[in-house]
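Everything on this sheet refers to the single structure shown next.
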Amino acid sequence: MLRRWLHSKVPQAKPRSSLCCEPVNTSTPYAQFRYTLGLAKKSLGDIPLTTTMSIYPSHQKDLLPIDCYKYHSLGQFDRPGATAAAGGDARKRHEPLPPPVDTSVAVRPTMTTFLRPRAFAAGGILRRGHRDANPFDQAKRLFASRPLLFFSASRTLKNITEEFPPAQPPKDKSPLEPTQPVKKQPRHAIMDHAPPPAPGPDFKVAIIGAGGINFGSAEGPWNHSFRLEHKLGPRLKVTALIDPHKPTSDKVLALKRQSFVEQAYAATKQYASLNEYLAELKPEDHPHAVIIGSPPQFHGSDREGIDVEIQLAKEIPGVALFVEKPVSMSPVPEAFAVGEYLDKENVINSVGYMMRYLRCVRKMKEIIKENNLTVTGTVARYVSSYAKISKPFWWTKSMSGGPVVEQGTHFCDLSRFFGGDVLLDTVQATAVEWNDPAGKLSAIPFDESTIPEHERIPRMTAATWKYENGAIGSFTHGLVLQGYKYDTTLEVYADGWQLRLVDPYDVPMLYVRSPKDDREEQHHFTDDDPYFGEIGAFIDAIEGKGSKDAILSSFTDAAKSYELSWAIRLAAERTSAMRHGKSA
């Protein structure tokens, strides 16, 4: 048995733990129980002692979905009881945990417990992070000197024994004690604090784009479909998936239909183009919302063929639109024309500038408002890790817009969020180009010579500008780091104050210096998922459960951030052209 195996590998490890279960929602299989795992205090030091996890019972599936994980015990766990509501009376059941199984063979249990395919933790140790999508990669690092608490149902005991051999514990330390503090917190922890999806009528959604932004990727935490599933639960019905690359659509739908959210995608129809979808659309199939996550060169304009937002608003009365940034790759006036049309027709719309929804960012706004501050300046820095960016289109100016337009746009937007509108004629910029001696990169993950020279992107860009209120702003974007972690910071200055936002993508921290004290006050919100925040505000506005003002980025406002990012790119290109004696 696994317990004997564990004790043979780490004889000192005898964790005393408890697993408590309570019902959260008995009307849906999506968030039915909430488990709290308590671990022994002595062996875990500063690690949190409990964690809350949402789990899913399934009575139908033969095989576990790829993104779900099965819970088993490797230590001395028990299950004190589970309370279930029945006929207004509370009943208590005492059930032992299911015995360990050999997952090398298919098993059809009568009751299988699934963890939600997101952040999950054993006392905060094991979780799904921003740059490391595979929890077992994290486990290999973090559990090297202590016994495992979880393993995937897709792995055999033999696999686990080979992949996670217990290391010798350091001298004078418990084998369960971490060798270094765990700083990173679960990205999706905010969803543990959100109310479970309430029952109600179906909420129909059409999705444009079957790529990573809508269905997740290893490059980051973005995954709009996942947030929709959590927000709407069994009410979600994805009526259409529109993508010209059918193999990609087939793949993502197959994965969804093998998981606990299969009901949401059971009747999803696939279309190769928006025109094909609109031609076959029946009134009874009109979606409440459309999620636009296709590359920006295919939408965000009033020109025929790429006027996606305008077409949807005309053909589907009352539809709401969620558009991923950047809003366009067309000339800036065309993007503003789309925003004006949506505003004129009162179309509920939101753009995916998710950092506005960070709790650290909201705290910064609160401080500015409560102290009646006027922003004097903003300083933004975004240095990305380029070695894992393997898509050639991203490295091609005409397709992605370049790193400032495609990637740095988040910090252009955050700068505007605090500084206000920008005087575009004050924007100045310079760049390290690909052919500068300082622009040579050693770890580009493909052959850049396949991209025409005039299409290759700069390696670093630095820009300054003036806001309409007289404040100044600056932004530096770099494409020089390797590995996974980015270096991102935004500083906001006012009379007597410095608000410094650090690492908003991964582990957001806010450092505040005030007139009262030179020492910085720290703010760290562990239960934060801005992607869920933006989707939640969007859905609530559609259903009238929340104010439209809770949507923090409209298409028209996002077009201003798009305009600033293009002003920076063009200013840098003019500077480079003058330096090389060419006309821009």
Side-chain angles (χ1 to χ4, degrees), residues 130-131 208-209 211-214 217-222 224 292-301 306 308 322-332 334-335 338 351-356 380-416 427 429 431-434 439 441 444-446 448 451-452 454-463 475-481 486-488 490 504-505 531 553 555 558-573:
H130 170 52
R131 295 290 168 197
I208 301 178
I213 192 65
N214 282 335
S217 73
E219 296 174 1
W222 37 82
H224 293 321
I292 303 174
S294 55
Q297 60 265 38
F298 300 117
H299 66 88
S301 172
I306 53 175
V308 171
F322 183 94
V323 184
E324 189 47 48
K325 63 82 204 166
V327 293
S328 180
M329 267 297 294
S330 298
V332 170
E334 295 180 16
V338 174
V351 174
Y353 282 116
M354 79 288 176
M355 287 188 183
R356 292 189 175 202
R381 183 178 73 249
Y382 189 125
V383 187
S384 64
S385 299
Y386 73 90
K388 300 296 187 292
I389 304 176
S390 59
K391 299 174 182 177
F393 90 88
W394 194 90
W395 296 78
T396 306
K397 279 185 180 181
S398 63
M399 299 179 71
S400 68
V404 171
V405 174
E406 197 283 333
Q407 192 178 66
T409 182
H410 278 296
F411 274 60
C412 292
D413 184 73
L414 268 186
S415 297
R416 285 190 52 255
V427 175
V432 177
E433 300 292 348
W434 70 273
L441 299 178
I444 296 177
F446 70 100
E448 194 182 20
I451 297 176
H454 70 280
E455 289 274 29
R456 298 179 194 174
I457 61 177
R459 305 331 194 192
M460 289 199 79
T461 304
F475 177 46
T476 298
H477 181 278
L479 193 65
V480 294
L481 296 179
Y486 289 19
D487 177 32
T488 51
L490 174 70
Y505 274 103
Y531 298 92
S553 180
F555 197 102
K560 294 180 180 180
S561 295
Y562 178 64
E563 182 180 38
L564 174 59
S565 66
W566 264 101
I568 294 171
R569 172 186 159 172
L570 294 176
E573 289 179 348

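On a predicted model such as this, the values are computed, not experimentally measured, just so you know.
Between the side chain of S565 and the backbone N or O of Y562, at least one donor-acceptor pair lies under 3.5 Å. In this structure a side-chain-to-backbone donor-acceptor pair under 3.5 Å is present from N214 to I208. Judged by distance alone, with hydrogens and angles left aside, the side-chain atoms of R456 form a donor-acceptor pair with the main-chain N or O of I451 at under 3.5 Å.
Taking each heavy atom of Y386 and V480 in turn, the nearest pair found is CE2-O, 3.5 Å. Considering all non-hydrogen atoms of both residues, F555 and G300 come closest at CZ-CA, 4.1 Å. Residues S561 and Y353 come closest through the heavy atom pair CB-OH, 3.8 Å. Of all heavy-atom pairs spanning E334 and S301, the tightest one is OE1-OG, 2.6 Å. Y531 approaches P221 most closely through the heavy-atom pair CE1-CG, 3.6 Å. Closest heavy-atom contact between P392 and F446: CA-CZ, 4.0 Å.
For the pair Q297/I306, no side-chain contact is recorded, criterion being any heavy-atom separation below 4.5 Å from C-beta on. Counting heavy atoms from C-beta outward, S328 and V338 have side chains that stay 4.5 Å or more apart. Side-chain contact between P458 and V432 is absent, with no heavy atoms from C-beta onward closer than 4.5 Å. The shortest side-chain heavy-atom distance between F393 and P295 does not fall under the 4.5 Å cut-off. Residues M399 and K391 fail the side-chain proximity criterion, which asks for heavy atoms closer than 4.5 Å. Using a 4.5 Å heavy-atom cutoff, the side chains of F298 and V308 are not in contact. Here the side chains of I568 and C412 are in contact, with some heavy-atom distance below 4.5 Å.
Relative ring orientation between F411 and F475 is described as parallel, the plane-to-plane angle staying below 30° on a 0-90° scale split at 30° and 60°.
Legend: residues meeting side chain to side chain donor-acceptor pair (under 3.5 Å) with T461, ordered by chain and number and at least two apart, are absent.
Ion pair E448/R459 flagged as a salt bridge, since at least one NZ, NE, NH1 or NH2 atom sits closer than 4.0 Å to an Asp/Glu carboxylate oxygen.
Here the CD1-NE2 distance, from I292 to H299, works out to 6.5 Å after rounding to the nearest 0.5 Å. Remark: L479 CG to I444 CD1 distance equals 7.5 Å, nearest 0.5 Å. Note that NZ of K325 is 9.0 Å distant from CE of M355, once rounded to the nearest 0.5 Å. Rounding to the nearest 0.5 Å gives a distance of 12.0 Å between CD of E406 and CH2 of W395.
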request  = Let me see the working for Y486 and L481 under side chain to side chain contact (heavy atoms under 4.5 Å, CB included), right down to the final yes or no.
outcome  = CA-CA 7 Å; Y486 289 19; L481 296 179; 5.9 Å; no

request  = Take W566 and L564, measure what side chain to side chain contact (heavy atoms under 4.5 Å, CB included) needs, and give me the verdict at the end.
outcome  = CA-CA 5 Å; W566 264 101; L564 174 59; over 6 Å; no

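The aromatic ring centres of H410 and Y382 sit 6.0 Å or more apart.
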